[in-house]
Amino acid sequence: MSHAHLPGRPHSRAVRIAVLGWAPDRRSPVSSTLAALRRWDVAAGLVLVGVFVLGVTAVRFAPPGSSVAVWWPAAGLCVAFLLATGPDVRRAAIVVVGVVVSSGLANFYGGRPPLAALCFGVANASEAALVWALLTRGRSKPRLASLDDLGRLLVATLAGALLFGLLAGLTVDLVLHRTFFPTAYTVTASHAAAVLTLAPLGVAVSTKATQPWRLEDLLQGLTVLGVTLWVFASTSGLPLAFLPLPILVWGAMRLDLRALATQLAVLGVIVVVLTSEGYGPFAIAGRTRDIAPETVGALTQAFLVTAAITGLALAVASTQRRDAVADLASEAAFTQTVLNSAAATAIIGTDADGTITLFNRGATNLLSYTPEEVIGTLNWVRLHEPAEIAMRATEVGVPAGPEVLVHLLTEAGRSETRDWTWVTREGKRLVVDLTISPIVDQDGTITGYIGVAEDVTERRVASEAVETALVRERRAVEELTALDQTKTDFVSSISHELRTPLASVLGYTEMLEDGAVGPMTDKQLDLVGRIDRNGRRLLGLIEDLLLNSRIESGQLNLARRPVDLAAIVDHAWEATGPLTQRRELHLRREVAVRPVTVDGDDTAIERVVLNLLSNAVKFTPDGGIVTLSLDTVRGPDKIERARVVVSDSGYGISADDQAQVFRRFFRATDATERAVQGTGLGLSIVQAIVEGHDGTIEVESELGRGSTFTVLFPLAATPAAPAVAAPGARRR
Ligand code: ADP
């Protein structure tokens, strides 16, 4: 990658990847597959040649005086290669067929008749295939990661050797016409020993090395080699065959599986070769103690099997332990990271007595203690405000110690959350929201506690402030309501008091107008007329105020009964006479149906119509039109209702003001500017009355073009009794 550092040239993707230590594979998938296949091909070819060579020479692996091989490394080699190949059925089949051929050829070359040679070839291949099938089960790569896996390896090895023993015995019996048994069990043992020492190599090829290479490994390897050579090349005849075992155990405890499997294979080769050459404890025992060569063979096999089982079992167990320790360490590191990343949350662990055993970064941030200052030395009750602990202790009836914090947490799965006051290292007080849970072991004994806390001082202060503000507001509302009631009562009693003297003023004015105290001049009559008009306006105003008070205190008190709306509308129309007398307006009344019965308070409804009419008259200049109409309509809900419409061609109401006209005391600015009389109470009363009748009122208007007020009332179920439709007039 020399161009990777050319100045001023941006790194290409390939370069960047290469810098990161990985170069993209530029070969096509097909060619790389072919390359891998070719490599496997070469290995498979070599193995098959090996099987042939080992088969031809295996007879040399017989103890002196015996013609039966102690070890059949060809079997071990093909099983190991098949296991290394993995669950690839096609490749396995190629190897199996290859084994039939190469092993058959070896036997033929060794002087066996063609048929027997073929049968031995088939027996060898069947053994390898069976072990492979049992260990891969057609889908997974064989492993030696647990003692269960080792158990499976032993079972498969034994099954394979037995199958071979059976097939070889049968071949010997049927084809070569010799006895079945001696051959069967001897070859079973020699194959078992060979497969057990060599197959782990095949499995180990695919396992990853779990630790880096160390000097100790070299030392152990050399020791095992040296001791084995020394013991098995010795001619002293001392029974020291056990000596390599402790060194193998050392290796099993410390090495990874691959190294151990290699040592087992090497051990097997050395032991078998030297023993068959007449060296070592077994061969010498055979010579000096008159032990049958077969027994020497059996002893050698037993030694190899023992070494393999001991070494593998220990290696697997210690690898598992090493992995577990590594997992635990990484889990602990992970937990530590999680604990410390909670920078604003204190997580404190304690033992059963409350002595702190864990103190995360959040705890340090909150309390200013470092873990070193508190772990193993401080009881967490000392982090708490003593007065609070004492108070709570009396409350729950336990001694004022760590017990106060955890007296409720008697079993697994319980936890308790409450606010506590903590005292920091500098003596500052914090309110924390602390959740404590017990840590319980497998027997259900509480071994400690874990507390998770957050500083809620500010939150608590804020919520207290909000609460105080709420209380204050509630009090203010109560005071205002009381004040409002006083005002309503005041207005209502004043209005009452005003009404009586005003009524007598109006009564006397009427008497004057009627000439009860003698005839009056025109000038006098005009003045008395003015007194009368203004008096009546005042009376209307007082009545509006009274009614408004009643509405405000929810005492509209409508006396509803079936009434004829047409009659009410007529009545209101007539009552507007005095208002329109001196005006030049085109007045139209359109009553489409009669009677129109509604369930209503006739006086109140007349007030509605009169009010709308008087507004229309007030807000329409001379020459304009005022229309009052009554009919019935069917709404979108298909229900028929009575409709009263009062429209005019007057000043109109702006869109903004339309939303406000029903508000109490609202008067549009132009109404004030034009000095039109009014209080702004009329429409709010109208709306209250209409709604009190389950009706609706709407306004449509355009500035300068007039307004239309539409009132809808529900129709009554029963028609009106004709006698009741005679409400009293009201003038304004
Ligand atoms: P008041 O008539 O005593 O002022 P209302 O509550 O009856 O009080 O009406 C409120 C306001 O609505 C009026 O001041 C006026 O500005 C507006 N308004 C009501 N009816 C009409 C109308 N027909 N045309 C124009 N403006 C109207």
Side-chain angles (χ1 to χ4, degrees), residues 491 495 498 533-552 556 569 572-573 575-576 578-580 583-590 603-630 643-693 695-712 730-732:
V491 170
S495 313
L498 284 176
R533 273 198 307 282
N534 283 302
R536 280 184 198 287
R537 257 182 59 202
L538 201 55
L539 190 62
L541 188 65
I542 289 170
E543 270 171 16
D544 274 359
L545 279 173
L546 262 176
L547 195 55
N548 182 57
S549 301
R550 291 225 306 273
I551 292 170
E552 273 181 5
L556 186 56
V569 162
W573 181 259
T576 43
L579 294 178
T580 48
R583 299 287 310 278
E584 283 178 21
L585 292 170
H586 304 280
L587 303 170
R588 288 184 197 148
R589 174 168 52 158
E590 293 156 8
T603 320
I605 296 179
E606 193 194 333
R607 183 185 279 272
V608 168
V609 182
L610 196 55
N611 222 313
L612 294 176
L613 274 175
S614 76
N615 275 348
V617 170
K618 275 198 302 185
F619 295 105
T620 305
D622 279 348
I625 311 165
V626 171
T627 316
L628 167 65
S629 73
L630 168 68
R643 174 170 66 179
V644 180
V645 180
V646 177
S647 66
D648 62 64
S649 62
Y651 305 128
I653 309 167
S654 72
D656 284 350
D657 287 350
Q658 281 171 34
Q660 315 227 52
V661 288
F662 296 105
R663 260 183 39 207
R664 231 177 289 158
F665 301 112
F666 174 82
R667 309 196 69 223
T669 23
D670 50 329
T672 338
E673 277 162 14
R674 287 183 219 273
V676 179
Q677 287 167 347
T679 56
L681 270 177
L683 283 180
S684 77
I685 292 173
V686 164
Q687 191 182 37
I689 295 175
V690 170
E691 283 172 2
H693 281 89
T696 55
I697 177 160
E698 270 171 24
V699 59
E700 255 178 85
S701 183
E702 204 179 317
L703 219 47
R705 300 222 159 195
S707 317
T708 302
F709 286 83
T710 306
V711 182
L712 295 178
R730 170 192 168 261
R731 275 187 285 161
R732 199 172 165 191

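Order of listing sets the numbers, starting from 1, for every ligand and every atom in it. Residues take their numbers from the sequence shown, with the count starting at 1.
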I'd like to know whether ligand 1 has G650 as a neighbour, heavy-atom separation below 4.0 Å.
no
Purely on distance, is any nitrogen or oxygen of N611 under 3.5 Å from one on ligand 1?
no
Could you say whether the N/O atoms of G652 and ligand 1 ever approach to under 3.5 Å?
no
Sub-4.0 Å atoms of ligand 1 with respect to non-hydrogen atoms of K618
1 (P), 2 (O), 3 (O)
Taking atom CD1 of I689 and atom CD of E691, what is their separation to the nearest 0.5 Å?
11.0 Å
Heavy-atom contacts with F666 under 4.0 Å: which atoms of ligand 1 show up? List them by number with element.
10 (C), 11 (C)
Distance under 4.0 Å to a non-hydrogen atom of G680: what atoms of ligand 1 satisfy this?
1 (P), 3 (O), 4 (O), 6 (O), 8 (O)
Taking only residues two or more places apart in sequence or in another chain, which ones pass salt bridge (Lys or Arg N to Asp or Glu O under 4.0 Å) with R588?
none
Contacts of type side chain to side chain donor-acceptor pair (under 3.5 Å), residue R533, not counting sequence neighbours
none
Just wondering, do I685 and V608 contact through their side chains at under 4.5 Å, heavy atoms?
no
Using a 4.0 Å heavy-atom cut-off, which part of L683 comes near ligand 1: side chain, backbone, both, or neither?
both
Candidate with minimal heavy-atom separation from atom 19 (C) of ligand 1, of L541, V699, T708, N615
N615
Provide the closest heavy-atom pair for V491 versus S549 in the form atom of the first, atom of the second, distance.
CG1-OG, 3.8 Å
Per-atom filter on ligand 1: closer than 4.0 angstrom to a heavy atom of F709 are 20 (N), 23 (N)
What part of L612, side chain, backbone, both or neither, has a heavy atom within less than 4.0 angstrom of ligand 1?
neither
Which distance, rounded to the nearest 0.5 Å, do you find between the OG1 of T620 and the CD1 of I625?
9.5 Å
Numbering the atoms of ligand 1 from 1, which are under 4.0 Å from a heavy atom of S707?
22 (C), 24 (N), 25 (C)
Rounded distance [0.5 Å steps], CG in L556 versus CG in N548:
10.5 Å
Once you round to the nearest 0.5 Å, how far does CG of L612 lie from OG1 of T576?
12.0 Å
Using a 3.5 Å cut-off on N or O atoms only, is A668 in polar contact with ligand 1?
yes
